[in-house]
Amino acid sequence: MRGRKMLRILGIFLVFMLVCTMLSRASSALTVAVVRTVSPGRMTIAHTVTATGKVQEERELAVSAQAGQKIAQIAVREGDQVGPGDLLLKTDLSALKEQISDKEQELEMARAEIASLEAAEKVKKEKQERAIQRAREDRDWAAVKGDQAVARASEEWDRAIGAYNEVLQNGGGEEGQADALREAADAAGRAYEEAVSAREESLREADRALEDAAVQEPPDPAVQLKKKEAEKIQAQLKKLKKLQKSGGQVRAPIKGVVTRILTAAGEVTAETPLLFLADLRAGCRFTAQVDKSQEEYLQKDTPVTLTNEQKDQTVKDLTIASVKADPEDAALLQVCVYLPGDTLTVGDSAKMTVEKKSKAYDTCVPIQALYEAGGMYFVYVVQEEDTIMGKQLTARKINVTVQEQNETYAALGDGCLAGGQKVIQDADKTIDEGSPVRLAEP
């Protein structure tokens, strides 16, 4: 009887202990964090920068027509791609014919005026040549007359000196004769000097007259101005006739894309471009704005991929041509990528993707495994400990250094973690140093 009682008590105790164990496990399941772990691995950290931009022309060509033409038809629209010889617009041929007639009359009048001015220049030149010839003849005649006068004065002087010397040799002659002859000789000498001086003055005046006559008068500037005017009229006439020969049609000179149209049917052309073509022979350029914080990943020659979702087109093997500050916003950068011909078209929108990989790091973990507090980084690892309930997994906090990170992974400093440690990637509850944890089911 007593033995049965003891067995009953023991059974009740075992049932009680079973219930407590079940309650303990249930409580543990409600309070212990369930975690997923990951082993740190060797990998590179990739930094991806994306931005949306537009394809623009690298070189633009202005297309114009002779001024004063009435536009009859515009054959293209902005954004149209054209090839060499494709029709861009037409002009009114009747008005063009009248302009050609007017220009021909202008050219004829200009040429007649040029001929008149050139004839006047010829007369002026001939007149000057005659004046030079006469001045030269006057100079020669002055020299002859001067030489003759000097020669006569010299002869008179010689005779006067001879007569004076003869009287002196004969004893002086009659009273006062020698003095008279000496005065006559002195007067003849003065006459000779005056003749020489007069000859020199006459020649000097003749030389000056010759120099004055030889001075070339500048040509009448009206001749050259009128010739330039005639050349301009002739060039205009040539363009008008060329336009007439083409039937008043203006065609594309290159392969390009119409970027701007600055006229309309019915308007009259001026000395300004009618439209602009993006020169596809020179390729295009893609430009986009990117936040300045991404500058370290956007260096010149960095590989780039462009994607146009509308055309389902991807262009690879491109590189950044330039990176510079945005002139309107200091917080932004302007990124330029040159495109080869026959890829994207001027006006297309595209998405730029730049991926720059780091060197390989030995200890990399998912970014969600990394925590930060007070400027310090740390991770949690799983550690097994002995408790009164038996073996228990707990979270252990380990401070780490971060060498590099992106949106998905972080590279930790070498030696921060021991080999084989499992890093807690995420938990279904908040954990801290020493928090009990259990591993999620595989």
Side-chain angles (χ1 to χ4, degrees), residues 44-64 74-89 250-263 272-358 406-407:
T44 59
I45 302 296
H47 296 278
T48 302
V49 180
T50 60
T52 300
K54 275 213 160 194
V55 178
Q56 300 174 329
E57 66 277 359
E58 179 58 25
R59 184 170 64 203
E60 200 172 44
L61 178 69
V63 178
S64 59
I74 303 291
V76 292
R77 293 177 298 178
E78 291 184 359
D80 286 353
Q81 182 169 322
V82 296
D86 287 353
L87 179 63
L88 299 177
L89 56 89
V250 177
R251 297 184 175 274
I254 60 169
K255 179 181 180 180
V257 175
V258 180
T259 55
R260 288 178 287 167
I261 298 177
L262 306 179
T263 188
T272 54
L274 301 175
L275 54 84
F276 286 88
L277 295 178
D279 189 351
L280 295 183
R281 300 171 304 175
C284 307
R285 56 188 168 91
F286 168 87
T287 57
Q289 292 180 321
V290 182
D291 192 274
K292 191 174 176 62
S293 62
Q294 305 294 324
E295 186 172 10
E296 63 178 303
Y297 311 120
L298 300 171
Q299 303 301 317
K300 188 176 183 296
D301 297 327
T302 300
V304 176
T305 298
L306 297 181
T307 304
N308 182 303
E309 295 181 354
Q310 292 180 340
K311 295 182 178 180
D312 193 22
Q313 184 178 5
T314 299
V315 185
K316 299 180 179 180
D317 300 324
L318 302 174
T319 57
I320 293 177
S322 65
V323 180
K324 58 184 179 181
D326 189 289
E328 298 180 357
D329 191 341
L332 297 177
L333 297 172
Q334 279 190 350
V335 180
C336 175
V337 178
Y338 290 129
L339 299 174
D342 299 324
T343 51
L344 297 177
T345 306
V346 173
D348 283 351
S349 295
K351 179 182 179 182
M352 175 188 76
T353 302
V354 178
E355 184 176 87
K356 190 172 183 180
K357 292 185 178 181
S358 69
N406 60 13
E407 296 80 5

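Just so you know, these numbers come straight off a predicted model, no measurement behind them.
Going from atom CG of Leu89 over to atom CD1 of Ile74 covers 5.0 Å, rounded to the nearest 0.5 Å. In this structure, NZ on Lys356 lies 7.5 Å from CD on Glu296, to the nearest 0.5 angstrom. Atom CG of Leu333 sits about 8.5 Å away from atom CG of Asp326, to the nearest 0.5 Å. Here NZ of Lys316 is found 12.0 Å from CG of Leu306. Values are rounded to the nearest 0.5 Å. In this structure, CD on Gln289 lies 6.0 Å from CD on Gln334, to the nearest 0.5 angstrom. One distance of note links NZ of Lys292 with CG of Asp329; it measures 11.0 Å at 0.5 Å rounding.
When all heavy atoms of Gly53 and Ala288 are compared, the closest pair comes out as CA-CB, 4.0 Å. In plain terms, the two heavy atoms of Ile261 and Leu275 that are nearest each other are CA-CB, 4.0 Å. Residue Thr287 comes nearest to Gln56 through the heavy atom pair OG1-OE1, 3.4 Å, listed as atom of the first residue, atom of the second, then distance. When all heavy atoms are compared, the tightest approach of Pro253 to Leu61 is CG-CD2, 3.5 Å. Across all their heavy atoms, Ala350 and Phe286 have their closest contact at O-CE1, 3.5 Å. Here the shortest heavy-atom pairing between Ser64 and Pro273 reads CB-CA, 4.1 Å.
Residues forming a side-chain contact (heavy atoms from CB on, under 4.5 Å) with Thr50 (at least two apart in sequence, or on another chain): Thr48, Lys351, Thr353.
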Take Leu262 and Thr272 through the side-chain contact (heavy atoms from CB on, under 4.5 Å) test and state the conclusion after the steps. CA-CA 9 Å; Leu262 306 179; Thr272 54; over 6 Å; no
Show your working on side-chain contact (heavy atoms from CB on, under 4.5 Å) between Val335 and Val354 and close with a plain yes or no. CA-CA 11 Å; Val335 180; Val354 178; over 6 Å; no
Run the side-chain contact (heavy atoms from CB on, under 4.5 Å) check on Arg281 and Arg59 step by step: do they pass? CA-CA 9 Å; Arg281 300 171 304 175; Arg59 184 170 64 203; 4.1 Å; yes
Could you go through Leu280 and Gln81, starting from their C-alpha distance and side-chain angles, then the distance that decides it, and tell me whether this counts as side-chain contact (heavy atoms from CB on, under 4.5 Å)? CA-CA 9 Å; Leu280 295 183; Gln81 182 169 322; 3.7 Å; yes
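The shortest distance between side-chain heavy atoms of Ser322 and Lys300 does not fall below 4.5 Å. Inter-residue side-chain proximity for Leu339 and Leu318 is flagged as met; some heavy-atom pair is nearer than 4.5 Å. Within the 4.5 Å cutoff, side-chain heavy atoms of Gln313 are placed close to those of Leu344.
For Lys311, the NZ atom is densely surrounded, since the number of other residues' heavy atoms within 6.0 Å is greater than 12.
Thr302 places no side-chain N or O within donor-acceptor distance of the main-chain N or O of Ile320, the cut-off being under 3.5 Å. Although no hydrogens or angles enter the test, the distance criterion places a donor-acceptor pair under 3.5 Å between the side chain of Asn308 and the main chain of Ser349. Asn406 places a side-chain N or O within 3.5 Å of a backbone atom of Ala46 that can act as its donor or acceptor partner. In this structure, Glu57 contributes its side chain and Leu277 its backbone to no donor-acceptor pair below 3.5 Å. The closest donor-acceptor contact from the side chain of Gln299 to the backbone of Glu295 lies under 3.5 Å. A donor-acceptor pair is defined here as one N or O able to donate and one able to accept, closer than 3.5 Å; such a pair exists between the side chain of Thr259 and the backbone of Phe276.
For the side-chain contact (heavy atoms from CB on, under 4.5 Å) with Met352, the lone residue among Val290, Thr307, Thr52 that qualifies is Val290.
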